[in-house]
Amino acid sequence: MSHDQDIQLHDSVDRTTARSTEDFDAPLRAVVRRLSTMLGQEIAQQHGEETLDLIEKVRAAARDLDSETAASEVQRSLDDMSTDTAIILTRAFAEYFLLANAAEQTFRIKVIGDKEPAESWVPRAISRIYDAVGLEGLQKTVDSLDIRLVFTAHPTEAQRRAVLTKLRRVSEIVETETEEGSEERARQDRELASVMESIWLTDELRRVQPTPLDEARNVMWYLRSLYTDTLPDVITDFRDELERYGARLPEDAVPIRFGSWIGGDRDGNPYVTADATADVLRLQSSTAIDIAVWFVNRAMLSLSISSRLSGDDAALLASLEEDFRFPDLVDEDSRALYAEEPYRLKLGAIRSKLNNTKVRITTGAEHIPGHDYATGSEIQEEFQLLRDALRRHGAERVADGLLATAQQIIHGMGLGLVILDVREHSEKHFELLSELFNRFGGLEADYATLSREERTVLLGRELASARPLAPALINTDDSPLTASSQKTFEVFRAIRQAHKIYGTDAITTYLVSMTHGPDDILSVALLAREAGIIDLESAEKRADLGFAPLLEEVPELRRAGDILDTLLSDPSYREIVRLRGNRQEVMLGYSDSNKDAGVVTSQWEIHQAQRQLRDVAARHGVTLRLFHGRGGSVGRGGGPTYDAILSQPYGVLDGEIKFTEQGEVISDKYTLPALARENLSLTLAAVMEASALHREPRNSNVSLSRYDEVMDFLSGAAYQRYRVLADDPDLPEYFVTSTPVELLGDLNIGSRPSKRTTSEKGLDGLRAIPWVFGWTQSRQIVPGWFGAGSGLRAAREAGYGEDLKKMVRGWQFFRTTMSNIEMTLAKTDMDIAGHYVRTLVPERLHHIYAEIREEYELTVRELEALLAEDDLLDTQPVLQRTLRIRDQYLKPIHYLQVALLARVRADAASGKEQSADEQRALLTTINGISAGMKNTG
């Protein structure tokens, strides 16, 4: 196979990097040609030269396709192809893309390495902040930092870890440049050939559906590297850069933390039980302790400080005497060997306590003070003791170097590795409370008949009451609740148990999906009180859990301020927030709001909701932490992270932010340590800049008022156009027949079903991931742009044309939104989509394709005119060429997918069952298109 491949296709790749890769274009193409040639050699070796010739023939024909006639000819040849041959053909093109992506990652690293230090993300941000607000403002920004990147199990990563690890090795090999014909090149080629052979003979499809524990193990693979290879460098460089300006990173600060939904996200996933949560927490804790021991071992190698030279430290010696009470913490041989090296003795004791903690958690034994750790904060106290002792004896640089980094990373991990969020659908709490109130609450009316306002008053009154809502029996295994309600309540019991074992930092937030009103949040607060997680009555009040509404649809986004205001006006709930440090978290759902209203309205409503939430939180004296539920694709809130953070409304960010990292985004950002470091650094820089430099509007109040007027008009027209499509009664059948959406579950890429298990039916119950997945596979990508053209045209024709141009130039939010839409339009191919429709969709439904194509062409015209471009992505020529070249390799896979879908559906209509080989061939086409598009959903 030969190649002409370019770079940078992923929706979430930051475009500053994309623009700077042009210098590496030719070398990158040379590397990909080298890899694709070796892939061809492997295919010829495994399947013969005639198979390789067929692959080349199909690729060449697809490249030259300019008409439906030519496409039909290729289609006919594919129709006659055996299933076995189709699998080989599709795998060849799919693995070509995987190798191209691996090479691209290597060259992204080269771009990063060629930056001048002052132009790197964090140094540039610190310099800008210092120049704008001085040392005091810089230090205040640093002190406020709390960035949380939350890994989810949302199933959009199509590639197995077995394949990803091999691709990582490919990237590592080609990262070292060698001269053609040299012995070094020959040695590289031999190793590449070995890896290539292993990739080709590895089954890229998962045979069984993963469990939540499997998903957790997969994330552990990334987190180990992040904690040991990436985060230490990010924190060390950050600390050093701050010191150049006279600022400092506080010793107890953890500017970047990792979170997870895996094992805690119950919404629509029946496999995330209370037991599953407990299993995942044990796995996470075991990994955290292993990583902590790794840091301790590194420190022991470094801290060979002799008390004969530095002098004795009374506090350190007293601590060691306490440790010596337990003979297994420091054995006699170590005490003799390190008699004059007390820091090593103390680190040895810390290591033993960590291992004892692991045994305690694994066996369920009771905590023994001084013998193991009950919480992560106890580990911090031990590290602080060491650092203070070092400072007292003239070893400041040792104290503030490796040991400081280790302390901060272990502080961020705690005993749980990551902070686990728990999420459940609001309906589940409603069902449970209906049962509790109807059985034990003494209501005159059925709880389900109460209005939301009545429920809010009732729940507030109950939360303020000292009486338990239900008998203590619901906290036992003999609960009188129905099985479904008991499962919901068991999660609260599991949270309380987790807090007992790992400390309250293990689970800090309970998210409520589909929050429609304040009653949905008061519900979980009341249930948490019933489980003993909240105590507002005793002398030592406590709130060991915070509660966050997830606002996912337009009506709730529009009422975001009212919902939060009502919550914070309830005295009992306000007391919970006070006990939680006067901090309220709110999650914004990009995926479902997009599916509900289209990309333009979704983005605009979320932007306005943030303003409302900012103002209400400030009025109540509460710090707002926004949690952005972003997916990889634009249709699910994706796009470059840096741009997304900077495009938020002014004053929203004050150092704290959470956002999800999902599916293929995780592997793209975090597989290679250098790319992981770049992504953490740009996130850190963006949050600092947005917090320090965007406290006030960048535009005048007059301009912002005008921009809001234009956006309201544009969004209204876009929403109206989108809902015409979404409300078409033929759309569900069109969507299913024109896409391979029914195959998503067969990929076994996640434990969660594609439909919710709550009351929504049809497309309403279909999750956003399969919604985007289907449109992306067939290259229609409706969620990423549909309605935008109608909105732009309506605004222009209403006299807002000049305003739109000003908004693109001067409003970060609008510029980012239009840029993301442009990216998605460029990845859309309505000719390929038309082939799906003509082959697979009944003619009576073709009017929907015509409608989609008409809107696509309108959106392209309007956007090109707005951006003053002749073609999409004219300002990003490397990316523009990438898309065009990738289509040469994507077209054959699309045609194969269509041919196989047509064959399988025809067989199903005649009562013939799909064969295992046909299913494998189809799933392989999905993997291939995902690799080529660098997006599943």
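- Once rounded to the nearest 0.5 Å, the distance linking CG of L588 with CG of L550 reads 8.0 Å.
- A heavy-atom distance below 4.5 Å is not found between the side chains of Y856 and R861.
- A donor and an acceptor atom, one from each side chain of R706 and N701, are nowhere located under 3.5 Å apart.
- Within the 3.5 Å criterion, the main-chain N or O of R583 finds no donor-acceptor partner in the side chain of R625.
- With no hydrogens or angles considered, a side-chain donor-acceptor pair links S703 and S700 at under 3.5 Å.
- Proximity of S602 to D596: side-chain heavy atoms (C-beta onward) are nowhere separated by under 4.5 Å.
- The side-chain heavy atoms of W121 and T683, taken from C-beta on, include no pair separated by under 4.5 Å.
- A distance of 6.0 Å or more separates the ring centres of F814 and Y707.
- By the side-chain contact (heavy atoms from CB on, under 4.5 Å) test, T601 pairs with V554, A597, E605, S715, Y719, sequence neighbours left out.
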Subject >> Worked check of side chain to side chain donor-acceptor pair (under 3.5 Å) between S790 and E855 >> reply: CA-CA 7 Å; S790 292; E855 181 67 19; 2.7 Å; yes

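- Looking at R611, Q608, H607 one by one, the single match for side chain to side chain donor-acceptor pair (under 3.5 Å) with D708 turns out to be R611.
- Contact between E689 and Y642 at its shortest, heavy atoms only, is OE2-OH, 2.8 Å.
- Shown are Q584, M514, E556; of these, the side chain to side chain contact (heavy atoms under 4.5 Å, CB included) with P549 is made only by Q584.
- Between K658 and D146, every side-chain heavy-atom pair lies at or beyond the 4.5 Å cut-off.
- Looking at every heavy atom in both residues, V616 comes nearest to G561 through CG2-O, 3.6 Å.
- The backbone N or O of V622 lies less than 3.5 Å from no partner atom in the side chain of H620, so there is not a single donor-acceptor pair.
- Between F430 and D519, the closest side-chain pair of non-hydrogen atoms is not below 4.5 Å.
- Taking CD of E851 as the start and CG of D730 as the end, the distance is 10.0 Å to the nearest 0.5 Å.
- A 4.5 Å side-chain heavy-atom check between F786 and Q780 finds every atom pair outside the cut-off.
- At least one donor-acceptor pair under 3.5 Å links the side chain of S647 to the backbone N or O of A644.
- Residues H628 and Q648 have side chains that bring a donor and an acceptor to within less than 3.5 angstrom of each other.
- The closest side-chain heavy-atom distance from Y573 to I521 is below 4.5 Å.
- Side-chain polar atoms of E661 and T152 form no donor-acceptor pair below 3.5 angstrom.
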**OP:** Verify side chain to side chain contact (heavy atoms under 4.5 Å, CB included) between M688 and R128, making sure each step is shown before the conclusion.
**Re:** CA-CA 10 Å; M688 289 181 67; R128 288 174 177 172; over 6 Å; no

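- When side chains are defined from C-beta on, W261 counts as touching R423, because their heavy atoms get closer than 4.5 Å.
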